[in-house]
Every structure is written in C-alpha cells, then in structure tokens.
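Have a look at the structure below before the remarks.
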Amino acid sequence: MTLWVLGVIGLFILFILVGVRKKFRGPRRVAFVRCSGSCGDNGHLAADKPDLDHSCKNGCLGLGSCTKVCIRKAIQIRNGVAVVDQNRCIGCGACAKTCPQKLIKMVYFGKSMAVRCSSHKKGTEVRTVCPSGCIGCGLCVKQCEQGAITFNDNLAEIDSSKCIGCGRCADKCPVKVIVPAVATLKGK
C-alpha cells in the first residue's frame, strides 16, 4: 500500500513540475534566417562581392558568426547562407544577436509563417539581385485575416505572435518568399 501511495505522490509532483515548467517557458521559439540565399545561385553572395551592383546588400554574408555562438550546433552555413536545424535550436537567440546583417529572428516553432527576405528595395531592384526576394506587392497583407502581416519600407513582416500558420499568404506570394517558419530545416 505504501509503495502505491509513494507512486501516486511521485506522479503528482512530476505533473506539478512539468506544468510549472511549461507555464514558465511558454511557447517554444526558434531561430529563422530571413534570407533565401537565392542570389548565391547567380554567384552574387554579399560576402564574396560586397561592391558589386548586382549583389544583395541585405543578404546573408555566409561568414559563420552565427555558427560560432550556437552552443547546440543548430546552425550551419550551406551554399553561402545560414540554415537552422530547428529540432536542435533551443531558442537562446545568440545567433540573432551576433548576425552582422540582423537577418536572424526568433519565431514561434511550428505555428507561424515567415518572410525569407530582408531587402527593403522595391520590386524590380530586388529582382535584379535575387530571384526570390520580396517584391513588396502586398498580396500577402490582403490575405491575412489575423492582421499578422504589415509592410515596412517595401518588405512584408509577419508577427509570429499573431500568425496562426494558415498559409494563405504563402499561397498568394508570387515569388514564394513566404514559407512556414520551420522551412529552414530543409536548407539548401
């Protein structure tokens, strides 16, 4: 009988600790890189050719400062752009603080959409350097019923605390720069 009582008490304490931990931690946040790296396909990486007119000045430099600070080794440089393994990411934000281009932001894991671009140039200017950069058309804003998408200087921005991950914005995006925030797992 006492063994059974100890087992019940043990389970009760475990449930309390797990409940407190979840309440304390809140929703899981992970790193997301706001660069698709597509301009690298044309040989126009910002780190390789910083003075070239046809390179993305806002893109990932591919220098790896983010990889050096990641204690879980959740971020790597692939084909010149940072790629996050969100299964390993613990959401500490060290990579976001270290990124010289400020391309890495923290998003809610598994629930939100994100824009894989950071250029504030207008449509044609973006397209000359990156085939998959945000062109600022505004179609995504019109699709979002949650009011999670705003425009800031020609660039769509998604508030991951409001986004429910329905994907309507991604479906309408003509350049497919809006992706599920977990899409960085599928790096190049």
Side-chain angles (χ1 to χ4, degrees), residues 29-70 72-89 91-109 112-137 140 148-160 163 165 167 169-170 173-188:
R29 293 174 65 89
V30 293
F32 180 84
V33 181
R34 295 180 300 153
C35 178
S36 63
S38 297
C39 56
D41 296 341
N42 299 329
H44 301 313
L45 290 173
D48 294 338
K49 301 172 173 112
D51 57 340
L52 187 66
D53 288 338
H54 295 300
S55 66
C56 181
K57 306 290 189 238
N58 304 96
C60 181
L61 298 174
L63 300 176
S65 55
C66 53
T67 64
K68 293 176 184 118
V69 298
C70 183
R72 292 290 309 272
K73 307 295 181 211
I75 191 163
Q76 304 172 4
I77 303 298
R78 293 190 196 152
N79 296 330
V81 69
V83 177
V84 178
D85 179 344
Q86 292 177 335
N87 289 324
R88 295 184 62 95
C89 179
C92 68
C95 57
K97 292 174 188 154
T98 304
C99 179
Q101 297 284 73
K102 304 298 180 211
L103 295 178
I104 303 172
K105 74 175 194 169
M106 305 310 290
V107 298
Y108 290 106
F109 180 74
S112 64
M113 305 301 285
V115 180
R116 219 185 233 179
C117 180
S118 61
S119 177
H120 290 278
K121 295 187 183 285
K122 292 185 179 176
T124 13
E125 293 177 75
V126 170
R127 298 296 282 176
T128 58
V129 296
C130 184
S132 58
C134 178
I135 58 174
C137 66
C140 54
I149 306 175
T150 56
F151 261 93
N152 180 14
D153 195 22
N154 301 315
L155 180 64
E157 292 183 8
I158 300 176
D159 181 345
S160 65
C163 179
C169 54
C173 181
V175 290
K176 304 302 178 204
V177 73
I178 299 176
V179 296
V182 294
T184 53
L185 284 170
K186 300 174 184 167
K188 295 182 178 256

*Hey, mind stepping through Arg127 and Val175 against side-chain contact (heavy atoms from CB on, under 4.5 Å) and telling me if it holds?*
CA-CA 10 Å; Arg127 298 296 282 176; Val175 290; 3.0 Å; yes
_Minimal non-hydrogen separation, Arg29 against Met106, with atom names_ = NH2-O, 3.0 Å
_Qualifying residues under side-chain hydrogen bond (donor to acceptor under 3.5 Å, both in side chains), relative to Asp153, sequence neighbours excluded_ = none
_Heavy-atom closest contact (Val115 atom, Ala156 atom, distance)_ = CG2-O, 3.4 Å
*Could I get the full list of side chain to side chain contact (heavy atoms under 4.5 Å, CB included) partners for Val126, not counting sequence neighbours?*
Ser119, Lys121
*Would you say the side chain of Asp159 lies within less than 4.5 Å of the side chain of Ile149, judging by non-hydrogen atoms?*
no
*Return yes when atom NZ of Lys122 has more than 12 non-hydrogen atoms of other residues, nucleotides or ligands closer than 6.0 Å, and no otherwise.*
no
*Would Thr98 and Ser65 count as having a side-chain donor-acceptor pair, cut-off 3.5 Å?*
no
*How close do Cys92 and Lys97 get, heavy atom to heavy atom, and via which atoms?*
O-NZ, 4.3 Å
*Hey, are the side chains of Phe151 and Glu157 touching, using non-hydrogen atoms and a 4.5 Å cut-off?*
no
_Which heavy atom of Cys163 sits nearest to which heavy atom of Ser112, and what is that distance?_
SG-CA, 3.6 Å
_All side-chain hydrogen bond (donor to acceptor under 3.5 Å, both in side chains) counterparts of Gln76, not counting sequence neighbours_ = Arg78
*asked:* I'd like to know whether Val179 forms a side-chain contact (heavy atoms from CB on, under 4.5 Å) with Phe32, so could you lay out the CA-CA distance, the side-chain angles of the two residues, the decisive distance to 0.1 Å, and finally the verdict.
replied: CA-CA 11 Å; Val179 296; Phe32 180 84; 3.9 Å; yes
*Check the pair Cys130 / Ser36 against side-chain contact (heavy atoms from CB on, under 4.5 Å), numbers first and verdict last.*
CA-CA 9 Å; Cys130 184; Ser36 63; 4.2 Å; yes
*Any idea which heavy atoms bring Gly133 and Cys117 closest together, and the distance?*
CA-SG, 3.8 Å
*Below 4.5 Å, heavy atoms only, C-beta onward: do Val30 and Val84 meet side chain to side chain?*
no
*Please test Val33 against Val83 for side-chain contact (heavy atoms from CB on, under 4.5 Å), starting from the C-alpha separation and ending with a verdict.*
CA-CA 7 Å; Val33 181; Val83 177; over 6 Å; no
*Do Lys105 and Arg34 have side chains that get closer than 4.5 Å, going by heavy atoms?*
yes
